[in-house]
Every structure is written in C-alpha cells, then in structure tokens.
Amino acid sequence: MSTNDIIPVQYDPKSIEEKWQKHWLSNATYRASTDSSKKKYYVLEMFPYPSGRIHMGHVRNYSIGDVVARYKRFRGFNVLHPMGWDSFGLPAENAAIKNNSHPARWTYDNIDYMRDQLRKLGLSYDWEREIATCNPKYYKWEQKIFLEMYEKGIVYQKNTRVNWCNSCKTVLANEQVIEGACWRCDELVQPREMNGWFFKITDYAEELLDGLDKLKGWPSKVRTMQRNWIGKSTGLQCDFEIEGSDKKVSIFTTRPDTIFGVTFMSIAAEHPLLDTLLADNPKADEVRSFASRIIAEKQQQSNEDLTEKEGIFTGRYCINPFNGENIPIFVANFVLMGYGTGAVMAVPAHDQRDFEFAKKYDLPITPVVQPEETTLDSLTMEEASTLPGNLIESGSFTGMDSKAAQQAIIDFAKEKNFGDTKITYRLRDWGISRQRYWGAPIPMIHCEKCGAQPVPIQDLPVTLPEDRDSDQNSCAPLHQREAFFETTCPKCGEPARRETDTMDTFVESSWYFARYASPRFTESPLNKEEASHWLPVDQYIGGVEHAILHLLYSRFFTKVLRDLGYIDIDEPFTNLLTQGMVIKDGSKMSKSKGNVVDPSDLISEYGADTTRLFSLFAAPPEKDLEWNAKGVEGCFRFLNRIHRFVQSNKEIILEGGTVPTDQLTAAEKDLHRKTHQTIKRVTDNIEHNFHFNTAISGVMELFNTLSSLAGANQKQPIGSHVIQEAVNSILVLLSPMTPHFCSELWTTIHPDTSIEDQSWPTWDEDAAKEDELTIVIQIQGKVRSRLQVPIDTDDATLEKMALADANAIKFIDGKTIKKVIVVKKKLVNIVV
RNA sequence: GCCCGGAUGGCGGAACUGGUAGACGCAAGGGACUUAAAAUCCCUCGGUCGUGAGGCUGUGCGAGUUCGAUUCUCGCUCCGGGCACCA
C-alpha cells in the first residue's frame, strides 16, 4: 500500500466514548444552575433502585430522557437533568443476609457500580446533584416532613386490618397489592390486624381527582387508572332504625332511586352493631360463630378470589324509613367493612349481588325501576336490572325517572333528617409502616404516660443502627434492637420506646424530584427559591407500572409540601411519558426466563451510541420494544457508514461555504432540499411526540441521499457547501441520540469548535419545498396512473391533464364522466 | 364481569386533520469486489396471475358511511393492560 492512499480512521466507539465522557465530567458540561436569561426545563427519569446492574429497561428509559435533555439544551433551554438512587428497600436486606454483609454496604457498592454503568452510557446528568435516599442527609428531611405532617394532622396511627406479606414480613399499602399479591414478590397477601402509621391521602382525594383533568400532558390511560383508583361515588347515606332498639344502622347507596325495592339488609361480619343485634338474641351463638368463620376465611383467602355468597339471618329487623317496612338483617360474607358504612341495603331486583343472595336464601325480589321496552317480573327475572327507567311501587316517587328520583329521594331523606348526600371514595389512607430494617425510621416515640410523641426536630435524623460488627443482626428489624428503641420521652423524660417501624420506601420517591432542586441544602428539605425555579418537572419519563403507586403518592406529596409552605405548585409532573417494556422472545426480559441482555456487553461490543440508537430506533417510546440483536448491528452499520463518509470526504467537508441557493445544480438542489426536509421532520418528531424512531429514519434517509449523490459513486460533482450543510445537520440532529459519536465527528470537521455550542438547525420552508409533485389519477377511487407536475399547477389544469392521460382514458373508455374530484397536491379522482 | 389500549409484509415498525399502504431498519434472495472469507457496494423483496406491459387482491373478521377507509361508525374475534364482591 502506498503512502498516498487515504486510510480512513476506523470508527472506534471505545476510545471516542471514553474521551468524551472524561471531557464532559471534567468540564461539568451538564451542570445546571439557575440562569434567568434562559427558560428552564426540568427533565427527569424515574430513578432506579440500585439492584446491582443496569438492565435494558433502564437503558431505554434513560436514553429517552437523555435525548430530551440534550435536545432542549440545543433549543436554548436551561436544563436540569439529575440522577439518583431509590436506595432503601428489601432486596438490600435479603442480599445482606445472603452475603453476610450490611445492607448499606451492598447498596453503596451497587450504586458505585451502576453509576459507572450510567456514565458509560454517556447520559448528560448533572452528577453534582446525585442523591441516595438511604443517606441520612436525605431521610433526615423526610423525617422532618413527617413531623410537620403529624403536626398538621395528615399523619395518624390506627389499629386496623392491613395487608401482610408473609414472605417480605411486612405490611403493604393497598396500592402495593396487585391482584391480591405482593407487588414485589407475588406472595398472596393476608389481612392482619395491626397498629401502624397512616398518611391521610383521603383528605386530598377530591383534589387528586380534580387535578387529573388538568394534567393534559399525561397519557389518558394513566389518568383513567388513577381516577378509577380514587373511585369517587356519590349517593345517599341513610339510617334504618333497628326494630326493638334505639340504635340505627346506616347504609350508603349510589342508587337511592331503588330504596323502595329493599327487601333485606346485609352487614359485614365485622360490623360494630352486630353485638347490639345479638344481645338477648336466641340466634346469637349461631350468628356469632358464622361471623367469626367469615372473618377467618377472609384472612386466609386473601381478598382476591370471589367466594360464593353466603349469609345468615340475625333474627333482627330494621325499618325502611321510606315505607316503614320491616326488613330482615343478614350478616353477609360479601359486604366489606372497609367501604361505605359496612352495611348495605339489599335491592335484589337491581343489584346482581343482592339478586344472587336473594335467590339463594329465597328472599323477595321487588322491582321498582321499570326500564323502557321490558317488563320486569320478579318471578321470571334471571338477573338484576341495572338499567334506568321509571319508578314503580315507590310511594310518592312512583312515575319519576330514576335519575330525577335519586335527587328527590336524597332531598326527602335530608328533609326528614334520616339521611344526606354522601361522597365515598375507594381510595384508602396510605399505610406507611413497614416492619423492616432498611428504611427511614419513623421519628416517633411511644411513652406509656404521654402516648405517641414526635421526636424533637433538633434530634433529627433518627438514624439506623449500623451494627457492622455483628452480621447476625445487620438486618434485624428495629424492634429487636434495644440500643435503638430504648429512649426517653421528650415530654416527660421517663423511659420510653422509639417507634421501630420504618417508612414505606415509596415515601422517599414521593418527593425526591423536589430535592434535586437543592440537593445539598442543609437547612430544610427544600430551598424554596431553587424549588420554585425548577419545579414542576416539565417532562417525567418512566414505566407505566408506576401509574398508580409512585405517581399518585408523588402528586399527594406535592400537595402536602405545598400546604406545608415549601413549594407553590399543585402538580409535580407537567408532562408524563410512560415507556413500554423491553421484550425478548415475546416476554419481558427477566432472569427467570433467561432472556436478559446485559447492556454492558452491548456497550463493550458496539459502544454506548449504538446501544442508545437501537433502543430509540426499534419502537416509539410508549410501545414495547422487541429486542433484536441483528437490529443492533444495523444501527452500528449506520454509524460506521457515516463515519466512513465523513473521514473519506473530510477535505471537501472542511471546505464548506455558504449555500448559493440560486445557482445549484439539480443534484445539489436535491440534497439541499432533503437536508431541510429532514431538519423539519426530525424537529417535528421530537417536539411533537418523542417519536425518535421516525426521527432516526429521517436522518437515515438524508444520509442515504447524501451518500448516493456525493459519495464514491457520485455521477456529478457536488458543491462542498451543500455537503457540509448536510453533514452538519446529520451530526446535530443525531447528537441527542448518539452524543459521543457526533461530538467526535464534529470536531474532526470543525476543529476547535464544539457541537455542544451549536444551536439546533432550522429549516427553510422554500428550500424544503418540492418543485414537482406526483399527482395520482384515480378512476372510481382506484389508482390508475400518476402524473409529474410542477408544484403550482392549478386544479383546472390538473383535471385537464388527468382526462387526457393515456392510462386514464383506457379506464374511462367511453363511459360517461359523472364527476371529477381534484384534491390539491394529491390526486384527481374520476367517477364514471 | 367492568374500564382502557392494540391488531399493518418473514420480523421491528412508517403513513399529517379520510386521499399513492408498507418509509426506515432487520432478515432473505441475486450480483460486484476478493485466491477465499469478512467488510463494503449494487439490485430484488406483501400475495397472486402474466414472458411482458399490466391485471386482480391485500392493513384481524363482518357490515356501513364516502368519489375514495389502515384512518370514521356499528357489530364481532383475538391479544395486552388496569380494576375486581366498592353497594
């Protein structure tokens, strides 16, 4: 080989990526600071649990976020893009027990390893803001928020039935029970009576619901899920007197219009009135043993599967206040104590559950709402009718339509003082006590004399005991550690016991996004000035699996922090993108399925840029992404082609120059046009819906045009100015996706400048405009021919040309033309 | 059971507010270069009939609206997700 041959520099991702990562780190390129001259943009991806290694789901999530962050920087925004660790949680304890180590040790080792993995992906984080929630400097502030919530009455403790996961040995919140099983380990949860601390999220139910309508930047799917979860229903709460007692049983119903159809009453087995009902009652023993059996069964069965309806007559009656009828009271297994009042007026004609129950125990069925077009007959009905209609057999309300009757009946009850409108939510208060070691201690002290007392603020943080020396106890829950719980009452000074439960780890993730605004602030959880500058998060990105859990809790916390005076916003995340899962061989990547692809392997084989590019190219972000090893190679090939092109045309590109738009050759014009079309397209794709897959294919098209016109096989010489324009555009458009690669090529063709300092390219509408169009000629809506016409051809000319077209004439063939439809810039349709 | 999504070549996916279906990529086949291979480059690529020009057909299924439907309406099938005795 002669020395004159140009040896193009090979694309070597490893050295390029190392170089740029070092550069970004040492220059703190992505440090965010308040800068009022630029508009702020806060982009955030859900922070990871430090499980040990990054997986493909993370790569996808963070690649998407990084494109947004880098794109917004190019658009002149002052971008905050932080990263941290959701680092409390059970796996750390399990791993510590297994490895005879300490959860903190395991956690921090993982963080170190994973931080390195994230760096190797070239993500543009402001690493100076990194936080780890297991750090006392973080949870100290969480404890302070807790105490302030306690002060305000948003925190309380109660003894109640909770969801117990026997495998995790801890209580779970309702949101953490997925189909009756633990969200983490799939173990069926069991109800258990326990004392615990609760956040009054129900106080915010109405606001959490209302706010959903304003979250226009959220997927409607997520909003619907939250709406259903909150489960608001409006109805009547109404008292039924118990015959032979001065006590009343209160019910809630959403169908007050059916109240004349009540034929019995069902109450939960745990209902507090049961004792009253059973006093001096010959059936007492029988009913009591039935009730305890039901309660026991509920405990064992978990609340998942529907059991057959079962009940027992208590021997007592109550009185329907609307018609004075005596109706029997039953204890029934399907009545929930936790919803409404724990007692249900049973209307078998109009409620399927009551219908089944009535059939089984041979109770009367009385239709009171007659739908149009059918006649309900209690003897022949096979299921309850829930249709609207006109009231029958309903006293003075007879004849009203059910909708109007609902209000009239509520008004009547209100007037007669035995009932009122009532709003009920399905949402329950958030139980945050966890009987585990690796979590933020709940800063309360229990004193026999003074009751529960908050830890004085100056004593915060209440830190976890470290116990590094004793492996045996490194993860023992706090209630087994005297040194931890033995303390004195802050009020009376007597010996007292510290609260030994830790907080649900979802508490940490409910406010971390706000802490990023001032992560090192030492006076308070949040620096108000910084927080009001950066919040709310403009774009939040993460998996849809948090649609209810984390996203609802974060919304709740935002409102709480607002009410505590820390921030002035109502909602934490203006826009939300829920990305799909990463799938391989048809199912989610998981160790148990053995279909895991390790991002580190990909990075060492192809580099971070290729890995990122593929994860963005293979599917739009909201859809599941099917992993395809060959597809990765395709992306690698694409980058190689660009690299080769730039290296072997370096001299021409360096020449550059401004594009003289009025004296371009046809080929130059084609390339120039394609460049501007691509800028427009890529910008639209990113701006409009983050469809990076189509943005990337746009750049691929531009490169295909470039290499066919200007590459080694070019037919005519192309001016360096158009080539440079195309290459510049390709590099900037692609750089949010493949930052190292584009930075490197940029400096080779623009020595001494940095791609970071470029602004996003703009397109020229005139340059992007085609000067010829293909017009389709249709006969009867079927494509029969095509015409190449200048862009400004008017409709009449188009019609004339279409009718004169040889192909068209063949199909018209003597038939009479009924109608000709001309659609601008698209087609001519001839109807014969 | 109820509430949301979705279904397009061999595969991942494109197609603006009803107007050329299949962009881009992968796979496959053919060719060039090479002693050979890799890499690279060029061509073909929904199905079907036809030597060809071209025809017919085709976006889960069945109807409908329209000059024209992947797109809108109605009725199904299948797949995915959420909730699940919430009165």
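In what follows, chains carry the letters A, B, and so on, assigned in the order in which the sequence lines appear, proteins first and then strands, with residues in each chain numbered from 1.
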>> Measuring only the C1' atom in each nucleotide, how far is B/G47 from B/G10? A whole number of Å is fine.
In response: 13 Å
> So, is A/Lys782 close to the B/G55 phosphate, meaning a side-chain N or O under 4.0 Å from OP1 or OP2?
Replying inline: no
> Out of A/Trp627, A/Phe636, A/Phe692, A/Tyr606, which residue meets the ring pair (Phe, Tyr, Trp, His ring centres under 6.0 Å) rule with A/Phe614?
Replying inline: A/Trp627
>> Suppose you measure atom P in B/A23 against the same atom in B/C16; what distance do you get, rounded to whole Å?
In response: 15 Å
>> With a 4.0 Å cutoff (strictly under), does any side-chain N or O of A/Ser233 reach OP1 or OP2 of B/A87?
In response: yes
> Hey, are A/Gln406 and A/Asp257 close enough side-chain-wise for a donor-acceptor pair under 3.5 Å?
Replying inline: yes
Under 3.5 Å, which protein N or O atoms sit close to an N or O of nucleotides 23-26 of chain B? Give each pair with its distance.
| from | atom 1 | to | atom 2 | distance (Å) |
| --- | --- | --- | --- | --- |
| B/A23 | O2' | A/Glu701 | OE2 | 2.6 |
| B/G25 | OP1 | A/Asn704 | ND2 | 3.3 |
| B/C26 | OP1 | A/Arg637 | NE | 3.3 |
| B/C26 | OP1 | A/Arg637 | NH2 | 2.8 |

> Between B/A7 and B/C61, how far is it from one P atom to the other, in whole Å?
Replying inline: 13 Å
> Tell me: CG of A/Asn228 to P of B/G5, nearest whole Å?
Replying inline: 12 Å
> According to the interplanar angle, ranging from 0 to 90°, do the rings of A/Phe357 and A/Phe330 count as parallel (below 30°), tilted (30 to 60°) or perpendicular (above 60°)?
Replying inline: perpendicular
>> Is it true that A/Gln226 and A/Arg555 share a donor-acceptor pair across their side chains at a distance under 3.5 Å?
In response: yes
> Rounded to whole angstroms, how far apart are CG on A/Asn685 and P on B/G13?
Replying inline: 16 Å
> Which of these nucleotides, B/C86, B/G13, B/G82, is closest to any side-chain atom of A/Met225?
Replying inline: B/G82
>> Measuring only the C1' atom in each nucleotide, how far is B/G55 from B/G6? A whole number of Å is fine.
In response: 35 Å
> Counting just side-chain N and O atoms, does A/Arg784 come under 4.0 Å of either OP1 or OP2 of B/G55?
Replying inline: yes
> How about A/Phe418 and A/Phe322: are their ring centres within less than 6.0 Å of each other?
Replying inline: yes
>> Can you work out whether A/Val783 or A/Val335 has the more 5'-proximal nearest nucleotide on RNA chain B?
In response: A/Val783
>> Both distances below 3.5 Å, Watson-Crick or wobble geometry, any strand: find the nucleotide opposite B/G64.
In response: B/C72
> Considering only the P atoms, how many Å lie between B/C41 and B/C78, rounded to the nearest integer?
Replying inline: 47 Å
> Among the nucleotides B/A87, B/G82, B/G19, which one has an atom lying closest to any side-chain atom of A/Ile548?
Replying inline: B/G82
>> Distance check, P atoms only: B/G80 and B/G75, in whole angstrom units.
In response: 23 Å
> Pick from A/Gln579, A/Lys221, A/His691: which one makes a side chain to side chain donor-acceptor pair (under 3.5 Å) with A/Glu622?
Replying inline: A/His691
>> Can you tell me which nucleotide in B/C3, B/U20, B/A87 comes closest to the side chain of A/Arg786?
In response: B/U20
> Between A/Tyr425 and A/Glu206, do the side chains contain an N or O donor and an N or O acceptor separated by less than 3.5 Å?
Replying inline: yes
>> Within 90° of 0 counts as syn, otherwise anti: where does B/G52 fall?
In response: anti
> Do A/Gln677 and A/Trp763 have side-chain atoms, one donor and one acceptor, less than 3.5 Å apart?
Replying inline: no
> Would you find a donor on one side and an acceptor on the other, under 3.5 Å apart, between the side chain of A/Asp609 and the backbone of A/Phe741?
Replying inline: yes
> To the side chain of A/Trp229, which of B/U20, B/C83, B/A87 is closest?
Replying inline: B/C83
> Picking from A/Val331, A/Val344, A/Ile251, what satisfies side chain to side chain contact (heavy atoms under 4.5 Å, CB included) with A/Ile267?
Replying inline: A/Val331
> RNA chain B: A/Glu356 or A/Thr224, which has the more 5' nearest nucleotide?
Replying inline: A/Thr224
>> Could you tell me how far B/G25 sits from B/U35 if I compare only their P atoms? Round to whole Å.
In response: 31 Å
> A/Glu382 has an atom CD; how far is it from atom C1' of B/G1, in whole Å?
Replying inline: 17 Å
> Taking protein heavy atoms under 4.0 Å as touching, what does nucleotides 62-70 of chain B look like 5' to 3' if B marks base contact, S marks sugar-phosphate-only contact and - marks none?
Replying inline: -----B---
>> Can you check the distance between B/G54 and B/G5, where both ends of the measurement are the C1' atom (answer in whole Å)?
In response: 42 Å
>> Rounding to an integer number of Å, can you tell me how far A/Asp684 CG sits from B/A14 C1'?
In response: 15 Å
> When the distance from CG of A/Asp624 to P of B/G80 is rounded to whole Å, what number comes out?
Replying inline: 12 Å
>> Checking side-chain polar atoms at under 3.5 Å, does A/Glu701 have a donor or acceptor matched by the opposite partner on A/Thr678?
In response: no
